[in-house]
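I have placed the structure first, in the form of structure tokens, so that the comments after it can refer back to it.
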Amino acid sequence: MRNWALVLFQRDLQLSVRIGGSALVGVLFFLAVVTVIPFGIGPDLNLLSRIGPGLLWIGALLATLLGLDRLFQADRDDGTLDLILMAGRPLEVVVLIKCLAHWVGTGLPLVVAAPFLGILLNLDPVATAAVTATLFAGTPALTLIGAIGASLTVTLRRGGLLLAILVIPLAVPTLIFGVSATDAAVRDPVPFMTPFLILCALSLIAAVVGPIASAAALRFASD
Amino acid sequence: MFQDLTFSVESGTALVVTGANGIGKSSLLRTLAGLVALTSGTIRLDGADEDKPPHEFAHYFGHQDAVKPALSVLENLGFWQSFAAPAEAESYLAQTMTPIGALDLLGIGHTAHLPTAYLSAGQKRRLSLARLLVTARPIWLMDEPTSALDKASEQQLLDLMDRHLAGGGLIVTATHTKLALARTQALHLEAQPVAASIAEDD
Amino acid sequence: MDLGPHASFILASYGLCVLTVLVLFAWVFLDKAAQDKALSELAAQGVKRAQPKKERS
Amino acid sequence: MAFWDYANPTRFLRLVQVVLPWLAGLCVGLFAVGLYMSFFVAPEDYQQGDTVRIMYIHVPAAWLCMMCYSVMTISSLGTLVWKHPLADVSAKAAAPIGAAFTFMALVTGSLWGKPMWGTYWEWDARLTSVLVLFIMYLGLMTLWRTMDDPIKAGKAAAVLTLVGALNLPIIKFSVDWWNTLHQPASVFRFDGPTIHPDILWPLLVMAFAFTTLFFVLHLMAMRNEVLRRRVRSLRLRAASAAQPGPAAAAQPAE
């Protein structure tokens, strides 16, 4: 009889790593997107290094959204979601833990992969460090906001596409402050900390709004 | 869905809900499980903690087995043992079993460390049933419990249900087959003629 | 053996290759150990393999 | 090839038991000779100096990526066309090894490029195609992991491998086209200006050493895969078998 939160976190992480899990698919998608972009816009290294941070951020956003529609759908398909609703545990905390497990399984690998992909985009060390830091602070917000979309589309058969459309507008602030923090680190007018702290604030807000909104949506979705 | 449906069940008895297919037996169970919102009326549980909603006192044993194929049998059961919060009630003598004990009792003890994907439909059903034995909750909501079970397992299930009733537990089950249980109370759902129900709504 | 000004790059590339090969061998050996352990557990449980007839084909 | 006669997994395992030590010994010997030659026999490059020695692992690694993919292509044909029982085992075992060799080719290419281009990554035609190949390898490995049943996964991966094999020349051609479109041909040819015997021999020995390394790893990975399938079928039998031993009432198999 171990702590229920730890048990839920462990189960979700195990499921994402085992056969059929979607843990490393996000990183592969991230690598694929960043590799394909120069084929579109040409291998000009100066151009790539200028728009590099933006590419990495957009890649991370899309990679996070990729794995999110299975966040609740997998549980709903086999009846686990009904039992979670009945388990007598605070649903908001359950959603927060599931988002944490998803972030560790999908978000964290993105942050780890970012420096290596920075090399492909010819980013200088300062920009690479800044992108990695902002991704580390920003990807939780992407997962938590995405959870709202996932809970709203859990009843739909092909919720994945709609989820992206619902979530991308909500994720625009995170994207803007993430990229501007990176540019601030490279160019000097704005100090790096200002946009970076706002980014952290966005993540904290998402950590509150996300679970509450998702829990409410899940309760309605169960009938 | 239901028009002025009222019933009460004493502890130690099983309410057997019968009725034609699609009459709403499952919806009734899901409403009791708190999965379907009540438009009007209340569900009250006497002799239990007031501020906890009734569905936290209930186990729901539906058509879906709620098991993860990628996890092993023991991991699945261990998760539910730790995750679902137990619930006490006045006249309910809670007896819980260890996951291994429950699996052995249901005859799938030898699959404890195998991935659930390797189990047959009947074995998965029994794993889902084991979930009710490892967490103490007074109310068992069971939707077609004997489907996909052979004769021997059906008898074993009835023994478990009797043991639950003997302990002061309470069962609401929707079923087609006759269930030879100790104390049962019948509830038969009839389709109300459409005209009559519209008249009432005006 | 003087490797010239860019010695670090040569050593780095050879080093990373050796590291990758070591990771590959580690994966192979650990996987073998895991399968052997699983097989011995199953044998202990008394699960018998296919009938001998299939063995000799 | 005699190699394919050992269709029966059990006799294949016995084959691996016999061949492996010799192959491993050959591999170690070849690497010893190859490394000695590439460091002491091969001359410095008049332009790059000693950094050209990276070529002695970069080029063999790049060749190995292609060879490994061709082994997987043959295995995929074996799975789909000749229905060879060990074909999908060979394909699944080769994928991670191919990915590792591609990773080595990319890393050595990038480290070799730094002194010349001043950056770790230059969208050079050859390196970029190897990068695309790397993503294809990882995609194949992911596809293998999505399905629990090895037979189904084998067929799906075989189809993807064959489609990949058809596309590789097209990818190679289009990347070259894309590269020359945007950049003048890169000045440094990776294979060195002329293949002087002193450069060629170490290269060939190292390539042969890499090939034996591949087969050592491939045989061992295949052995693991055969054992993994044996474990899976035993577990399936264990699940459906009646409770061994009198512990509980014998449940008829569902």
Side-chain angles (χ1 to χ4, degrees), chain C, chain D residues 7-8 10-11 31 35 38-40 44 48-54 56-58 60-61 93 96-97 99-101 103-105 107-116 210 213-214 216-221 223-239 241 244-245:
Chain C
M1 177 186 66
D2 162 33
L3 284 179
H6 300 295
S8 62
F9 293 105
I10 302 169
L11 294 179
S13 47
Y14 276 84
L16 278 171
C17 283
V18 166
L19 186 68
T20 317
V21 170
L22 286 181
V23 166
L24 268 175
F25 272 109
W27 165 64
V28 168
F29 283 122
L30 290 177
D31 194 19
K32 175 85 163 62
Q35 304 310 328
D36 286 343
K37 187 166 75 72
L39 275 174
S40 55
E41 270 164 23
L42 284 161
Q45 259 183 12
V47 184
K48 279 163 286 309
R49 274 199 30 70
Q51 304 75 12
K53 177 174 57 51
K54 184 161 167 289
E55 301 285 337
R56 275 192 311 280
S57 67
Chain D
N8 174 296
T10 318
R11 285 170 54 213
F31 263 111
L35 286 173
S38 59
F39 273 94
F40 299 105
E44 290 166 10
Q48 306 166 26
D50 278 295
T51 48
V52 77
R53 297 199 192 288
I54 298 179
Y56 293 114
I57 40 171
H58 173 68
I97 303 168
F101 276 111
F103 173 73
M104 283 203 291
V107 161
T108 49
S110 159
L111 285 169
W112 190 2
K114 174 71 176 168
M116 285 189 294
F210 267 71
L213 175 67
F214 167 75
V216 165
L217 287 166
H218 190 212
L219 283 182
M220 292 166 80
R223 179 180 55 187
N224 290 352
E225 187 55 30
V226 166
L227 293 180
R228 194 188 333 275
R229 294 196 179 188
R230 194 166 286 180
V231 165
R232 182 174 182 279
S233 61
L234 285 180
R235 282 184 171 159
L236 274 169
R237 181 170 304 116

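This one's a predicted model, so the numbers in the text were calculated from it and none came from an experiment. Residue numbers start from 1 in every chain, and the chains themselves are labelled A, B, ... in the order their sequence lines are given, proteins ahead of strands. Keep in mind that the numbers below use all heavy atoms, side chains included, and drop hydrogens, waters and symmetry copies.
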Query raised in the report: Non-hydrogen atoms of chain C under 4.5 Å away: do they reach the side chain of V231(D), the backbone, both or neither?
Result: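 V231(D) touches chain C through backbone and side-chain heavy atoms alike.
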Report task. For a side-chain contact (heavy atoms from CB on, under 4.5 Å) with M104(D), tell me which candidate from L24(C), V18(C), V21(C), L19(C) qualifies. Result ->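 Among the candidates, only V21(C) passes.
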Requested in this report: Give, for atom CZ of R223(D) and atom NZ of K32(C), the distance between the pair rounded to the nearest 0.5 Å.
Outcome: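 R223(D) CZ to K32(C) NZ: 5.0 Å, rounded to 0.5 Å.
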Query raised in the report: If you measure from CD on E41(C) to CZ on R235(D), what distance do you get to the nearest 0.5 Å?
Result: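 Rounded to the nearest 0.5 Å, the CD-CZ separation comes out at 7.5 Å.
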Nearest heavy-atom neighbours spanning [X] and [Y]:
X: S13(C); Y: T108(D); value: CB-CG2, 3.8 Å
X: L42(C); Y: A238(D); value: CD2-CB, 4.5 Å
X: N224(D); Y: Q35(C); value: O-CG, 4.0 Å
X: L234(D); Y: L39(C); value: CD1-CD2, 3.6 Å
X: Y14(C); Y: L35(D); value: CE2-CD2, 3.7 Å

Query raised in the report: So which of S110(D), A93(D), A100(D) has the largest heavy-atom pair count under 4.5 angstrom toward chain C?
Result: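 It is A100(D).
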**Report entry** Heavy-atom check, side chain of F103(D) versus side chain of L16(C), under 4.5 Å
**Finding:**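 Of all side-chain heavy-atom pairs linking L16(C) with F103(D), none is under 4.5 Å.
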